[in-house]
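This report refers to the structure that appears directly beneath it.
Keep in mind that this is a model prediction, so the values were computed, not measured.
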There are 2 protein chains.
Amino acid sequence: MIDKSKARRSTRQRRLIVDAVKHSLNHPSASDIYATLADSGIGIATIYRQLSALVEDGEIGSVKYQGEVRYDPIIQPHAHIVCSKCDKIWDVELPKEIKNLAPTNGSFEKLDVDLTWKGVCSDCR
Amino acid sequence: MIDKSKARRSTRQRRLIVDAVKHSLNHPSASDIYATLADSGIGIATIYRQLSALVEDGEIGSVKYQGEVRYDPIIQPHAHIVCSKCDKIWDVELPKEIKNLAPTNGSFEKLDVDLTWKGVCSDCR
DNA sequence: GTTACTATCGATAATGAATATCATTATCTT
DNA sequence: AAGATAATGATATTCATTATCGATAGTAAC
Ligand SMILES: [Mn+2]
Ligand SMILES: [Mn+2]
Ligand SMILES: [Zn+2]
Ligand SMILES: [Zn+2]
């Protein structure tokens with residue numbers, strides 16, 4: 001549990017982890033980041049802790065796919081297209097029309113959208 | 001791993017499990033079904049095995065939410081709206097316009113859509 | 001710069017969902 | 001009824017993630 005009321009310290013680990021996500025291309029998982037930063041000596045617990053904290057702080061985004069969390073350098077709302085063969089994830093634009101398609105019947109307010117297309121990419125065919 | 005080339009046998013367990021999902025209202029998880037069928041003596045492994053088999057056979061649907069699989073009596077394509085407080089999941093219609101919004105740039109073919117709205121339900125406010 | 005406070009770290013134990021193993025049981029075909 | 005084998009249930013195992021806790025290192029005050 002991370003307490004948002006306390007100031008966040010700028011540690012070597014945190015700087016390296018944000019940087020790794022910000023420069024990532026394929027929506028890396030926690031263990032991807034761990035592998036990327038292998039020679040930094042950062043512990044796996046710190047990787048998980050900081051990734052969660054960074055998402056909570058709104059510095060990075062996250063997507064769930066196939067039972068694991070993948071991290072995203074893009075924080076603006078956008079959709080994804082995933083390949084069910086190689087599990088790669090690409091960013092696609094979120095259609096502006098989507099807002100008008102939000103359900104209105106129930107009494108939900110300020111709805112977030114999660115839109116993902118799934119198929120098989122060209123490399124996998 | 002379930003082999004689709006072999007015939008599937010009609011067991012007491014399988015019948016009870018389909019039935020439980022078909023009569024369910026809240027997109028139950030495997031352990032929800034396990035709890036529902038507690039007095040049947042069905043083992044947890046069988047619950048998981050049959051739920052996977054039933055999805056594979058197209059007899060029930062499934063949705064992933066919060067790192068766990070939830071099962072769905074509805075097999076027709078539809079969207080969902082989830083409450084981030086109580087984790088309940090409701091069915092909503094999948095807008096027909098969504099097909100036209102599918103990304104065309106890449107060389108993906110026959111894309112499936114996964115559309116989920118997220119918010120806080122009326123009960124949780 | 002030194003001190004004091006405490007957030008953060010790293011090693012590792014623990015958790016929770018899901019799958020694998022394997023001897024036993026029950027279904028289906030002949 | 002008998003034989004072949006799919007399915008079951010108890011339990012071990014895997015995998016991602018979280019919790020625990022003593023040690024370490026940012027940070028602000030002096
Ligand atoms: Mn993205
Ligand atoms: Mn549904
Ligand atoms: Zn692919
Ligand atoms: Zn709710």
Subject >> NZ (A:Lys99) with more than 12 external heavy atoms under 6.0 Å >> reply: no
Subject >> Nucleic acid contacts - residues 63-70 of chain B versus DNA chain C, non-hydrogen atoms under 4.0 Å >> reply: B:Glu68, B:Val69
Subject >> Closest non-hydrogen atom pair between B:Ser24 and B:Val21, with its separation >> reply: OG-O, 2.7 Å
Original post:
For B:Leu54 and D:dA7, what is the distance between atoms CG and P respectively, to the nearest whole Å?
Top reply: 11 Å
**OP:** Round to a whole Å and report the spacing from CD1 of A:Ile47 to P of C:dA11.
**Re:** 12 Å
Original post:
Would you say B:Ser29 and B:Tyr71 make side-chain contact, with heavy atoms under 4.5 Å?
Top reply: no
**OP:** Report the distance from atom CD of A:Glu56 to atom C1' of D:dT18, rounded to the nearest whole Å.
**Re:** 14 Å
**OP:** Answer yes or no: are there more than 12 heavy-atom neighbours, outside A:Glu97 itself, under 6.0 Å from its atom CD?
**Re:** yes
Original post:
C:dC9 P sits how many Å from A:Leu51 CG, rounded?
Top reply: 11 Å
Original post:
Once you round it to whole Å, what is the distance between C1' of D:dG9 and CD of B:Gln50?
Top reply: 13 Å
Original post:
What is the distance, rounded to the nearest whole Å, between atom CZ of A:Arg49 and atom P of C:dT12?
Top reply: 14 Å
**OP:** Nearest whole angstrom, please: distance from the P of D:dC15 to the OH of A:Tyr48.
**Re:** 12 Å
**OP:** With side-chain hydrogen bond (donor to acceptor under 3.5 Å, both in side chains) as the test, would you mind laying out the steps for A:His27 and A:Asp32 before giving the verdict?
**Re:** CA-CA 9 Å; A:His27 299 79; A:Asp32 289 336; over 6 Å; no
**OP:** Please list residues of residues 17-43 of chain B whose heavy atoms come under 4.0 Å from any atom in DNA chain C, ordered by number; otherwise none.
**Re:** none
Subject >> Any side-chain donor near an acceptor of the partner, A:Thr11 and A:Arg14, under 3.5 Å >> reply: no
Subject >> Letter per nucleotide, 5' to 3', of nucleotides 23-30 of chain D [B base touched, S only sugar-phosphate touched, - untouched; heavy atoms, 4.0 Å] >> reply: --BBS---
**OP:** Answer yes or no: is there a donor N or O on one side and an acceptor on the other, between the side chain of B:Arg70 and the main chain of B:Tyr65, under 3.5 Å?
**Re:** no
Subject >> Carboxylate-amine/guanidinium contact B:Lys118 A:Asp114, below 4.0 Å >> reply: no
**OP:** May I have the distance from B:Ile44 (atom CD1) to D:dT13 (atom P), rounded to whole angstrom?
**Re:** 19 Å
